[in-house]
Amino acid sequence: SSGPKEVPRAAHEAVVVTCSNRSAAKERADDSGPALVDALRDAAFDVAAEPIVIPDDEDAIASEAERLGFAQFRVAHPGRFGEGGGEFQG
């Protein structure tokens, strides 16, 4: 066995990824992503300057996590569902 796969280090300690079909389609502004970036920065996290906006889709989320080089990640959401089914709103 060759052992565990080496995972590249992420460029930042935190990256905000907003998962929203309407924001990804530019039908609605992403207000929660920039607010979370500011909150993380205020809490002394090394956070990417801008949130990334992608559709609320399992494959899109997995692809973005892989692109960012995340072996582990935590998901935080505001706990409210939007009118568009599975979307989260801030």
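Nearest approach of Ala24 to Val53, heavy atoms of both residues: N-CG1, 3.5 Å. The two atoms that bring Ser23 and Ala29 nearest to each other are OG-O, 3.7 Å, heavy atoms only. Minimum interatomic distance between Pro51 and Gly33 (heavy atoms only, all atoms of both residues): CG-C, 3.7 Å. Across Leu40 and Val47, no two heavy atoms sit closer than the pair CD1-CG2, 4.0 Å.
With sequence neighbours excluded, the residues satisfying side chain to side chain contact (heavy atoms under 4.5 Å, CB included) with Glu27 are Arg22, Ala25. In terms of the salt bridge (charged side-chain N to carboxylate O under 4.0 Å, His left out) criterion, residue partners of Asp38 (sequence neighbours excluded) are, by chain and number, Arg41.
With Asn21 contributing its side chain and Asp56 its backbone, the two residues share a donor-acceptor pair below 3.5 Å.
In this structure, the separation between OG on Ser20 and CG on Asp57 is 12.5 Å, given to the nearest 0.5 Å. Atom CD1 of Ile54 is separated from atom CG of Asp30 by 11.5 Å, given to the nearest 0.5 angstrom.
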Give the C-alpha distance, both sets of side-chain angles, the deciding distance and a yes or no for side chain to side chain contact (heavy atoms under 4.5 Å, CB included) between Val15 and Glu64.
-> CA-CA 11 Å; Val15 177; Glu64 190 61 27; over 6 Å; no
